[in-house]
Amino acid sequence: MLLELRSVVDRVLAAPDRSSRGAPPPIRLSQNEMPWAPADVIVAAMTEAARNAHRYPDYHRAAARAAVAEAMGLDAGRIAIDNGSGTLLHALARLVCEPGVHGVRPMPSFEAYAAALSLAGAESTEVGLDENGAMDLDAMLAAVGPETRIVYLCNPNNPTGGLRGVEDIRDFLKSVPARVLVVVDEAYREFVSAEPVDATAGLLDEFENLVLLRTLSKAHGLAGIRVGYAAAAPRIAEALRRTSVGFALNSVAEAAVIAALGAEGLAVAKERTAVIVSERARVEAALTAANVAFVPSQANFLFLPGDAAELLSRLAARGVLARPFPKAGGARVTIGLPEENDAVLAALI
């Protein structure tokens with residue numbers, strides 16, 4: 001391991017210094033970020049909030065919760081909001097897990113599920129994906145045992161982009177014991193084109209053990225602000241609110257939520273996600289025509305099967321930063337602006 005690290009360091013030191021030659025900045029398609037700054041209405045709201053930063057934010061996050069509830073068509077009692085959806089998925093593990101219990105999680109998927117279960121003291125079983133890069137719900141159901149308390153689903157899945165439709169999720173929930181909390185992480189839900197974005201919200205009326213997690217980091221371009229929210233049965237949402245760290249949602253973030261989920265903010269997000277979805281389709285069509293392997297996606301990224309190091313090298317030659325997943329056998333590249341996607345295509349075709 002030490003020899004490998006030294007080898008990497010030697011290569012970096014031996015590489016020419018591009019910064020002194022005015023080299024263009026890399027095309028950052030490694031973090032699934034939106035390529036635009038937040039909408040003007042959000043920036044204005046955050047700026048105004050910053051002017052009042054000498055005041056504490058709302059401890060109960062009432063206005064932000066109300067904005068989420070209205071956008072989802074739900075009662076505010078069903079909403080908990082916190083410092084990123086990652087904070088909430090950890091909180092859910094702490095609510096229902098302790099040493100000796102068990103959780104089920106997909107793999108490859110968002111790494112935080114394993115960390116959340118481990119930190120809560122729970123054992124966990126990782127379950128592989130189906131042939132479409134989505135949750136293998138039959139296998140996940142088979143992994144549920146007497147000690148299972150929580151199941152994480154990533155839908156669409158990160159890093160593969162596969163989606164299980166609302167009817168599949170409903171069938172899964174019907175089969176899972178009511179004592180098991182089913183957490184559906186929908187960080188990329190706004191990019192789904194296969195079914196309505198709000199299709200899963202109706203499941204909350206049917207299943208008391210369902211939690212939907214969403215974020216403002218992706219579609220609303222607020223990755224640096226750290227806001228996520230949960231929609232769940234009132235008792236679960238209340239438990240999340242009661243156990244949250246006080247003032248974890250700062251006043252600038254609260255202002256961003258309210259502006260993002262207002263009429264103007266939602267209109268901007270809808271317009272921008274439509275561009276990403278259109279670009280995703282264009283890139284997929286070009287890769288298909290060139291016989292380049294990829295996993296069809298319902299998110300704002302594509303997974304490219306193959307040797308991760310080789311893929312990253314080809315992309316880097318065109319100035320593109322991507323995310324390697326060596327254990328999953330490939331790399332993930334975010335869908336960006338048209339000219340950024342053109343650089344991806346030039347590297348792969």
Side-chain angles (χ1 to χ4, degrees), residues 61 65 68 77-129 134-137 139-159 164 169 172-173 175-189 200 203-204 207-218 226-249 327:
R61 309 159 200 179
R65 286 173 48 226
V68 171
R78 287 185 173 272
I79 305 300
I81 189 165
D82 219 309
N83 183 241
S85 57
T87 297
L88 289 161
L89 69 85
H90 275 267
L92 289 162
R94 292 195 301 271
L95 281 180
V96 300
C97 293
E98 60 185 0
V101 304
H102 173 256
V104 177
R105 56 185 174 83
M107 181 60 66
S109 194
F110 188 33
E111 299 91 340
Y113 308 141
L117 291 166
S118 178
L119 289 172
E123 300 294 327
S124 68
T125 298
E126 64 179 41
V127 177
L129 307 177
M135 303 292 96
D136 188 335
L137 296 178
M140 298 194 85
L141 184 61
V144 173
E147 302 303 323
T148 305
R149 295 294 178 270
I150 189 168
V151 175
Y152 288 104
L153 306 180
C154 191
N155 201 45
N157 184 55
N158 174 23
R164 295 303 295 259
I169 302 297
F172 180 77
L173 286 161
S175 301
V176 172
R179 60 174 169 77
V180 177
L181 197 64
V182 177
V183 181
V184 182
D185 184 351
E186 297 188 322
Y188 301 94
R189 185 70 195 180
T200 53
L203 296 174
L204 293 166
F207 303 99
E208 290 283 313
N209 60 332
L210 170 64
V211 180
L212 302 179
L213 291 184
R214 294 189 183 175
T215 179
L216 274 73
S217 295
K218 311 302 180 187
R226 311 309 307 130
V227 179
Y229 55 93
R235 63 184 181 83
I236 297 173
E238 182 179 4
L240 286 170
R241 295 194 298 268
R242 285 177 176 270
T243 55
S244 177
V245 175
F247 302 121
L249 187 75
K327 291 183 179 180

Which atom pair, heavy atoms only, marks the closest approach of [X] to [Y]?
X	Y	answer
Ala139	Val127	CB-CG1, 3.5 Å
Leu141	Ser175	CD2-CB, 3.5 Å
Ala93	Ala120	O-CB, 3.7 Å
Val104	Ala143	CG2-O, 3.8 Å
Ser85	Arg214	CB-O, 3.7 Å
Asn157	Pro108	ND2-O, 3.0 Å

Inset, instruction - Kindly determine whether Val184 and Thr200 satisfy side chain to side chain contact (heavy atoms under 4.5 Å, CB included), including the steps that lead there. - result: CA-CA 9 Å; Val184 182; Thr200 53; 5.9 Å; no
Inset, instruction - Apply the side chain to side chain contact (heavy atoms under 4.5 Å, CB included) test between Val183 and each candidate in Leu213, Leu153, Leu88; give the one that qualifies. - result: Leu213
Partners passing side-chain hydrogen bond (donor to acceptor under 3.5 Å, both in side chains) against [X] (at least two apart in sequence or in another chain):
X	result
Glu111	Arg323
Ser217	Thr215, Arg226
Asn158	Arg332

Legend entry - Contacts of type salt bridge (Lys or Arg N to Asp or Glu O under 4.0 Å), residue Arg65, not counting sequence neighbours: none
Inset, instruction - Walk me through it: do Glu208 and Arg235 pass the test side chain to side chain contact (heavy atoms under 4.5 Å, CB included)? - result: CA-CA 9 Å; Glu208 290 283 313; Arg235 63 184 181 83; 4.1 Å; yes
Legend entry - Met140 side chain near Pro106 side chain, heavy-atom distance below 4.5 Å: yes
Inset, instruction - With the side chain counted from C-beta on, respond yes when Met135 and Cys154 share a heavy-atom pair under 4.5 Å apart, and no when they do not. - result: yes
Spacing of [X] atom [atom1] and [Y] atom [atom2] [to the nearest 0.5 Å]:
X	Y	atom1	atom2	result
Arg179	Asn209	CZ	CG	10.5 Å
Glu126	Ser109	CD	OG	10.5 Å
Phe172	Asn155	CZ	CG	11.0 Å
Leu92	Asp185	CG	CG	10.5 Å

Inset, instruction - Scan residues 88-111 for pairs that pass ring-ring contact (aromatic ring centres under 6.0 Å, His included), counting only residues two or more places apart or in two chains. - result: Phe110-Tyr113
Legend entry - Sidechain-backbone polar pair: Tyr152 side chain, Leu117 backbone, donor-acceptor under 3.5 Å: no
Inset, instruction - Could you tell me whether the side chain of Arg78 and the main chain of Ile236 form a donor-acceptor pair under 3.5 Å? - result: no
Report, one line per pair, each donor and acceptor closer than 3.5 Å where one atom sits in a side chain of residues 241-249; sequence neighbours left out.
residue	atom	partner	partner atom	Å
Arg241	NH1	Gly77	O	3.4
Arg241	NH1	Ile79	O	2.9
Arg242	NE	Glu238	OE2	2.9
Arg242	NH2	Glu238	OE2	3.1
Thr243	OG1	Ala239	O	2.8
Thr243	OG1	Leu240	O	3.4
Ser244	OG	Arg61	NH1	3.0
Ser244	OG	Arg61	NH2	3.1
Ser244	OG	Asp82	OD2	2.6

